[in-house]
Structures are given as structure tokens and as C-alpha cells.
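Data first, discussion second: the structure below is written as C-alpha cells.
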Amino acid sequence: MADAAISSPIELEFPDGSVRPVEAGTTGRAVAESISKSLAKKSVAYSLNGELNDLAEPIYSSGKIELVTRTDDQALELIRHDCAHVLAEAVQEIWPETKVTIGPVIENGFYYDFDRNEPFTPEDLERIEKKMREIIQRNQPFEKKVVSREEARALFEKLGEGYKVELLDAIPEGEDVKLYSQGDWIDLCRGPHMVSTSQIGNAFKLMSVAGAYWRGDSDNQMLSRIYGTAWADEKQLKNYLHMLEEAQKRDHRKLGREMDLFHFQEEGPGVVFWHAKGWKVFQALVSYMRRRIEEHGYDEVNAPQILDKALWEQSGHWGWYRENMFTTVTEDERQFAIKPMNCPGHVQIFKNGLRSYRELPVKMAEFGNVHRYEPSGALHGLMRVRGFTQDDAHVFCTPEQLEAECLRINDLILTTYSDFGFGDIVVKLSTRPEKRVGSEAGWDRAEMIMQKVLDKIEADSDGRIKTEMNPGEGAFYGPKFEYVLRDAIGRDWQCGTTQVDFALPERFGAFYIDQNSNKQEPVMVHRAICGSMERFIGILIEHFAGHFPLWLAPVQAVVATITSEADEYGQQVADRLKAAGLRVETDFRNEKINYKVREHSLAKTPAIIAIGAREAEQETVSIRRLGSKHQSAMTLDEAVASLVEEAVAPDVRRKRDAS
RNA sequence: GCUGUUGUAGCUCAGGGGUAGAGCACCUCAUUGGUAAUGAGGAGGUCGGGAGUUCAAAUCUCCCCAACAGCACCA
């Protein structure tokens, strides 16, 4: 943006492919006006080579330009950012003593952090929202001003906005200091913004208040954060609010109680009481995973819950994970820890006896029950607990085998997710963090292999799997893949992980004997698919909204009689279904069929089999499926056959169909 | 762990300085019915725990515990 460039012409390529020469320094608005008055009026910003800019911003270099109107997807970010500014102005208009800090755009909306002695109340939110609509009505233009650091500092010091001064100091040298104002209200801001406040529209809503640390650091002061959501139009806003409502209906904590799956109680914060029905689901999931890991050549093992402190010192956990570990001291004053992870145990099994290169890869799996003393505020239903079961496995292999093993694991993970109906998967590769162990050469090699695997994952997926990089987010002991799945209502959950470990085999002195009779250190790969079985079930409950597919449902069918005269035949039906391997209950209570249907529907039983005098006489059944208002009549034989077929687990079906 | 809110019957919730209430669920009786609540009656709570103020505490104060919403954490 040097002045010398101003006179030279530049070329702008438009989305339709046309290219126009313009003078350098032309603003986005002028470009829009040169096309049409109405476009200029409609435009709220422009993007140059994918980067959003203020409409008033001059253009100094050639590139791909796109004029962004309010209804474009790209504008949503601007609407939200502008909304955050208006929120801050509204709060300061009502409570001038409030200090402003930052207000970024987030998924689905925005927030703004304030420093204020008194917390905001729900009533305050209504008041603020009203004020915001007022400010938007004023239709104040957003104006940018680039100023010197000194000027900005003087301004914010005068305003008493100490946090802004701090932010100002954090702006890297050589970067412009920009101020944005709407009317009299000024904020330090990177921009860009739309043209004026009225373009924000009306489709926003303040959602909640919460505490948040200044600059995200728990050593810092706690600020008051106001969350809001904002959309291009009312319909989008309504959809979003509806999604939230839907999520609330699916809340696994609520469904867990209603479906009698599990409970928590005060004496056991973060540990699950699995009820009979919940445990059925748990076991169905474990059985499925057992079949899958067998298919993939794993051996299931089981390592101890409690081990001497010395072992945890050797693994390193005692040093860096102790505050998360449950420990215990016995009468004779020996100190033990309850395992927070399974890896040290598996290394002991690997080390027991001498391993030959011929045995590799050794693949050890465990449904490992681990305990971690998670911070109290982190606990959340089944999603974050203190005692849980990992579908954990460790692969000990040679460096040459690493790539193939990662791909094999990838295959296992992806087919598993697809068996549960998760199709939308993102695989992320996290690379070396700042604090790490192992040689640079080791990291180079591992990251190279994993990058290659990542590329292959994407290439082999027909575009179904997205891949991403997470630079610097790897474990300190090695790079890792993270598998993120998207559920039925669009929420993302990180479940699976594949992690290469440079540290642990060495710490424990694990080795195998190679072709030349030399000791070699194996590469260790940690991997989990569900992550935590508890959490995965929580995700499944919300994904299916409690409507489990038949193979997972705790009770697959209820036989409900209409009159007590049908009880005998009802029992025969139930016995037949049970003999065929189905999970069946009977309901012979002295209640009307309406009552029974209602109750078992609310309990989300997949099939209600109603038996009356007619069925008893004709040896038929009347089946009503969950979610349907209708029922179908069929012979008992047909019913057994169709339910049995439907209850076949997807992996079993896949194998059967392949043979 | 931090900020804020909440904790009354199995569940959802009302009440609020004078020693507890509703609906559903539960139990009993009657009713034997055709696909989302049959009727009547009954039983059920030391109001999360502890301490204090008071003639009197479920109610006010303090401490603790747990849950909820965020934040921080999540090897």
C-alpha cells in the first residue's frame, strides 16, 4: 500500500470470470458503483483473494474480488462482529462505568467480555438487547481510522479503558493500529465491519451470561461475558433456536433418567451408576467393539487397576499427571495409584518375556477402566466423568510398519463410525508442540509418515472424509490423529485418536530382538475409537435422540396384552422372541392398551407388540414401531424373523453379506 | 479450580420466620379395554449437609457438598 503504487493500474477478477482494470487505490464501494448503483447499495464489504475488507477500503493489488452482500454466507461473520460492537456500546450506554475488553465472533454468534463489579442478570440482558436494537436503528456508519500507537494509547487511557491499552501493547510492531467507531462509540479493532449498524438487522438474541478469564488465563481476573447469537434473517435465527431446543430434548442426562439407563448421585461426583438397561447398551457396544478388534488382529488383555507409585514414577505420570490421579496409602504405608491410563500396564505385558521382531506388530487391546480426578467444573453427565472405560489399544511395531498400522487403524475407526450412522468425519493431524520429548529427526520422520497417511485417508475416501492440520497441538510424546464426528443435529465430537509415542517404550526399556539379534526399541502407537465408552454412549443417546437402532436398544420389544385373557399367548410370543435371542419384556399389567403404548413409547422401546383375543386366536401379532402411529399385523413366525434380522449388528451383517 | 445460578416427595415444580403443597409416578380396590394417560382411595418429605441468629428456621447469616451455564482444564 505504498503511495507509489497508487497511480499504477491493477486488475480485478470477478466471480463470473470477467477481469477489469481499475486504478490502484479505488475503494470497494467505487468498484461496486462502477457495476451498478443497486449493487453498491447492497454491498456491505468486499473480499479480495478470500480476505474480507471494509467496503471503504482502497484496493492496491490485483486479485480475485467479490462484493459481499448482507445475505452472503461471508457476511454472517461481519453481522456477528458488528453485533458484538453494538452490544458493547449498549452496555456502556446503560452502565458507563463498565470496562470493555474483547468481543469476537464465535460459532453461531459472538460474545463480549466486560469488567463490571456487578454481574449481569437475565433482566439486564433484555434491557441491553432493547438498547442494541435502538443503536441499530440509529444507523450509524462504521468508520475506520488508522492511528499511531501513542494516539490510541492516549485515547484509551483518557477513556479509562485499561484492557484496551493492554491489547494495544500486544499488537505486533509494524501492524496498523485501527480504531472503529459507530457514532460516538470507539473500539480498538482489527475489522472489517459492514457499512453501518442498521445492516446488522434484527435476527439476533442475547443468550447468556458467564464468567470468563481475561485473555483466557485462569491466573487472570474473571470478567463477565455476554453471549449472543446473530443471523442474516429471522428464519435462520429461528432454526438455530430450534436446534438448541432439539439439543435440549436430546440431552443424554434427561433421556438417561427417562429411559432408566443410568444415574449419578452426590456421593459419587463423576462416576456412573449404570442401571440394567444402560448396561445392556454398554454391553452391546463392548460386544461390537470386541468383534471388531478381533477382526483386526488385536489381542484383548486386562491390566491391574492399582499399581505401586514406583511404576507411575517410571512412566512419568507421577511427575506430570499426579494431581489428576486417585491415590491410596495402605496400612503398611505403601503408596498406590489407581490407573488413569492403560499404556504403562500394556508396556509391562509387552516387556514380560522376550519379544522377537517376528511377533510384531503386537496389538494389545483393553476395555480399560480408568479414573482421573477431573476438575469439578469439568464434569458433565456421561460426557466428562472421573471413572470411565476406554476402548484402548497399543500397537508395538517397527518404524517400517507404522504407516500400514496407521492406515489399518484408520480403516477400523471409519467403519466403526459408519456402523453407528456417523458419516461426516474430519481427521486432524496434530504436529509437534513446543514442549516435547524425542529427537527432531524422530519427529520429522513420524510427521512425514503421518502426513502421508493423512493424504491417503483423504484420497481414499471419495471426498467423504475431510482432513485438517493442527500445528503444534500434538502430544508431547508424539504426533497424533484426531477423529471428529458430526452427530444428527450437527454437533462435533472428538472421539478417536491415533498417537505415536516416542517416550514410553524408552522409559520402560521395552525392546524386541531384531533379525541380527540386536535389541531394538519398538514404536508404540496408542489408539482409541470410541475414546470413552461412557461418553460414546452419551453421544449415541443424543445422536439417536434415544431411538436406538434395534441392535443397540436395551429392550428391543415389549409384549403388551390388551386383555388378561391374552396373557398366556402373550407369554408364548415373548418366549419365542427371547428364544430367538431378542431382548424382550412383557407388560401384562391391568392397564388399557393406550396406557401401555404411551408408556413404552415414552421409554423409547423400538417395538410394541400388542396381543389381544384376535391375535391369540389367529396366532398373529400386531407390531407398532417407535415413531409410527400405525401398526402392522403379521404371523408370529414372520414377526420373529423380521425382528431377528433387523437386530443383526451392522458388522455381523457386513461379514455375512460379504461371504 | 474460577464466576454466576440452583438444591423442597421417585420426577416436574409451587410455597416461604409460626414446624410442608400440586400434578405425574408408587400402593390398594373397582374396571378386561384394540394402539400416547379408566376411576376412586391411600401412602410418601428431619425442605442437600453442618453451624449460627431467634421464643420459633425449610425460610435469615456463615461454612461445606452437589448439580447447572460458561471459563480454565481435557496425555
Side-chain angles (χ1 to χ4, degrees), chain A residues 106 111 113 118-122 207-227 251 253-254 257-258 260 263-270 315-317 320-321 323-325 340-344 370 372-381 383-386 388 390 392 430 433 435 437 473-478 480 494 497 499 501 503-504 526 528 531-532 535 560-567 588-603 608-615 622-633:
Chain A
I106 52 171
Y111 67 76
D113 285 347
E118 265 172 74
F120 295 102
T121 66
M207 304 296 286
S208 59
V209 193
Y213 299 108
W214 166 233
R215 310 192 102 178
D217 188 333
S218 58
D219 291 334
N220 285 345
Q221 185 181 353
M222 181 71 71
L223 305 168
S224 287
R225 173 172 300 179
I226 297 180
Y227 282 96
D251 190 315
R253 294 166 298 186
K254 177 170 167 275
R257 189 179 51 242
E258 287 170 3
D260 193 19
H263 86 269
F264 291 92
Q265 65 187 46
E266 281 202 19
E267 294 85 348
S315 74
H317 290 82
W320 48 263
Y321 203 64
E323 69 256 29
N324 281 293
M325 288 163 73
M341 289 171 209
N342 303 299
C343 359
V370 295
R372 300 178 183 175
Y373 190 74
E374 302 287 0
S376 57
L379 303 180
H380 181 93
M383 302 305 191
R384 190 81 180 270
V385 284
R386 285 182 175 157
F388 59 102
Q390 289 181 309
D392 204 358
S430 299
K435 260 181 73 181
V437 299
E473 293 292 311
F476 73 87
Y477 49 71
K480 62 180 179 186
Q494 197 232 298
T497 167
Q499 313 182 350
D501 190 337
L504 213 55
H526 309 248
S532 143
R535 179 165 172 272
T561 46
I562 296 167
T563 71
S564 56
E565 276 158 25
D567 287 359
F588 297 164
R589 289 176 304 172
N590 178 10
E591 294 292 350
K592 294 193 167 172
I593 192 64
N594 284 347
Y595 183 89
K596 295 184 183 181
V597 164
R598 175 180 151 82
E599 199 158 271
H600 298 118
S601 298
L602 288 173
I608 300 171
I609 301 178
I611 303 290
R614 205 158 61 215
E615 285 76 13
S622 161
I623 301 189
R624 177 181 167 129
R625 296 304 302 263
L626 183 59
S628 163
K629 282 201 170 20
H630 308 285
Q631 56 259 240
S632 44

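Numbered from 1 within each chain, the chains take letters A, B, ... in sequence-line order. All figures in this text were calculated on a predicted structure; none of them were measured in a lab.
- With rounding to the nearest 0.5 Å, the separation of CD in A/Glu591 from CD in A/Glu599 is 8.0 Å.
- When the shell of 6.0 Å around CZ of A/Phe588 is examined, it contains more than 12 heavy atoms from other residues, nucleotides or ligands.
- Rounding to whole angstrom units, CD of residue A/Glu118 and P of B/U5 are separated by 11 Å.
- Set against B/G33, B/C26, B/U35, the side chain of A/Gln631 has B/U35 as its closest nucleotide.
- Using a 4.5 Å cut-off on side-chain heavy atoms (C-beta onward), A/Pro340 and A/Asn324 make no contact.
- Atoms CZ (A/Arg614) and C1' (B/U35) sit 11 Å apart, rounded to a whole Å.
- Rounded to a whole Å, the CD1 atom of A/Ile226 is 13 Å from the C1' atom of B/G4.
- Residue contacts shown for A/Leu223 are absent, as no nucleic acid heavy atom lies under 4.0 Å away.
- In this structure, A/Ile562 places its CD1 atom 12 Å from P of B/A36, rounding to the nearest Å.
- Counting heavy atoms from C-beta on, the side chains of A/Lys596 and A/Ile562 never come closer than 4.5 Å.
- Side-chain atoms of A/Arg386 and A/Arg372, non-hydrogen and from C-beta on, never get closer than 4.5 Å to each other.
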Review item, nucleotides 9-11 of chain B N/O atoms under 3.5 Å of protein N/O:
none

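- Taking the C1' atoms as reference points, B/G52 lies 29 Å from B/A14, given to the whole Å.
- Base engagement by A/Ala610 is indicated by at least one non-hydrogen atom pair under 4.0 Å involving a base atom.
- Among B/U38, B/U32, B/A36, the nucleotide with an atom closest to any side-chain atom of A/Ser564 is B/U32.
- Within the structure, a side-chain polar atom (N or O) of A/Tyr595 is placed less than 4.0 Å from OP1 or OP2 of B/A25.
- When heavy atoms are screened at a 4.0 angstrom cut-off, A/Arg372 is found touching the sugar-phosphate backbone but no base atom.
- Across the C1' atoms, B/C60 and B/G1 are found 30 Å apart, a figure rounded to whole Å.
- By the salt bridge (charged side-chain N to carboxylate O under 4.0 Å, His left out) test, A/Arg625 pairs with A/Glu646, sequence neighbours left out.
- Legend: residues meeting ring pair (Phe, Tyr, Trp, His ring centres under 6.0 Å) with A/His526, ordered by chain and number and at least two apart, are A/His394, A/Tyr477.
- Residues meeting the ring pair (Phe, Tyr, Trp, His ring centres under 6.0 Å) test with A/His263, sequence neighbours left out: A/Phe273, A/His275.
- Residue pairs that meet the side chain to side chain donor-acceptor pair (under 3.5 Å) test with at least one member in residues 210-221 of chain A, sequence neighbours left out, are A/Asp115-A/Gln221, A/Tyr163-A/Gln221, A/Glu166-A/Trp214.
- Side chains of A/Pro375 and A/Glu323 form no contact here, defined as non-hydrogen atoms less than 4.5 Å apart.
- Taking atom C1' in both B/A20 and B/G45, the straight-line distance is 8 Å, to the nearest Å.
- Contact check for A/Tyr111 versus A/Met207: no side-chain heavy atoms found under the 4.5 Å cut-off.
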Quiz prompt | Pairing string, 5' to 3', for RNA chain B - Watson-Crick or wobble contacts under 3.5 Å, brackets [ ] where pairs cross, | to another strand | solution = (((((((..((((....[..)))).(((((.......))))).....(((((..]....))))))))))))....
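- The gap from the P atom of B/C74 to that of B/U6 amounts to 31 Å, rounded to the nearest Å.
- Every residue two or more places apart in sequence or in another chain that forms a ring pair (Phe, Tyr, Trp, His ring centres under 6.0 Å) with A/Phe476 is listed here: A/Trp320.
- Applying the 3.5 Å distance criterion, the base of B/U35 shares a donor-acceptor pair with the side chain of A/Ser622.
- By the 6.0 Å contact criterion, CD on A/Glu565 is open, its count of non-hydrogen atoms from other residues, nucleotides or ligands being 12 or less.
- Remark: A/Ser315 engages A/His317 in a side chain to side chain donor-acceptor pair (under 3.5 Å) (not counting sequence neighbours).
- Residues that satisfy the salt bridge (charged side-chain N to carboxylate O under 4.0 Å, His left out) test with A/Asp251, not counting sequence neighbours, are A/Arg253.
- Rounded to whole Å, the distance from CD on A/Glu599 to P on B/A36 is 14 Å.
- Separating the P atom of B/U32 from that of B/G42 is a span of 24 Å, rounded to the nearest Å.
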Atom pairs, N/O to N/O, protein against nucleotides 39-45 of chain B, distance under 3.5 Å?
none

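- The distance from atom OH of A/Tyr111 to atom C1' of B/U3 is 15 Å, rounded to the nearest whole Å.
- A/Gln494 comes within contact range of no nucleotide atom at all, as no heavy-atom separation falls under 4.0 Å.
- Each of A/Ile611 and A/Phe120 lies near RNA chain B, and the nucleotide nearest A/Phe120 is the one positioned closer to the 5' end.
- Qualifying ring pair (Phe, Tyr, Trp, His ring centres under 6.0 Å) partners for A/Tyr321, counting only residues two or more places apart in sequence or in other chains: none.
- With the nearest nucleotide of RNA chain B identified for both A/Glu565 and A/Asn594, A/Glu565 has the one nearer the 5' end.
- Between the CG atom of A/Asn220 and the C1' atom of B/U3 there is a distance of 14 Å, given to the nearest Å.
- A gap of 15 Å separates the P atoms of B/A58 and B/U53, to the nearest Å.
- Among the atoms of the strands shown, base atoms are found under 4.0 Å from some heavy atom of A/Ala613.
- Rounded to an integer number of Å, the gap from A/Arg589 CZ to B/A25 C1' is 11 Å.
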Check the interface with nucleotides 63-72 of chain B: list each N/O to N/O pair with the protein under 3.5 Å, or write none.
{"unit_1": "B/C68", "atom_1": "OP1", "unit_2": "A/Arg253", "atom_2": "NH1", "d": "3.0"}
{"unit_1": "B/A69", "atom_1": "OP1", "unit_2": "A/Arg253", "atom_2": "NH2", "d": "3.0"}
{"unit_1": "B/A69", "atom_1": "OP2", "unit_2": "A/Arg253", "atom_2": "NH1", "d": "3.4"}
{"unit_1": "B/A69", "atom_1": "OP2", "unit_2": "A/His380", "atom_2": "ND1", "d": "3.4"}
{"unit_1": "B/G70", "atom_1": "O3'", "unit_2": "A/Tyr227", "atom_2": "OH", "d": "3.0"}
{"unit_1": "B/G70", "atom_1": "O2'", "unit_2": "A/Tyr227", "atom_2": "OH", "d": "3.2"}
{"unit_1": "B/C71", "atom_1": "OP1", "unit_2": "A/Tyr227", "atom_2": "OH", "d": "3.4"}
{"unit_1": "B/C71", "atom_1": "O4'", "unit_2": "A/Gly211", "atom_2": "O", "d": "3.2"}
{"unit_1": "B/C71", "atom_1": "O2'", "unit_2": "A/Tyr213", "atom_2": "N", "d": "3.1"}
{"unit_1": "B/C71", "atom_1": "N4", "unit_2": "A/Gly377", "atom_2": "O", "d": "3.4"}
{"unit_1": "B/A72", "atom_1": "O2'", "unit_2": "A/Ser218", "atom_2": "OG", "d": "3.3"}

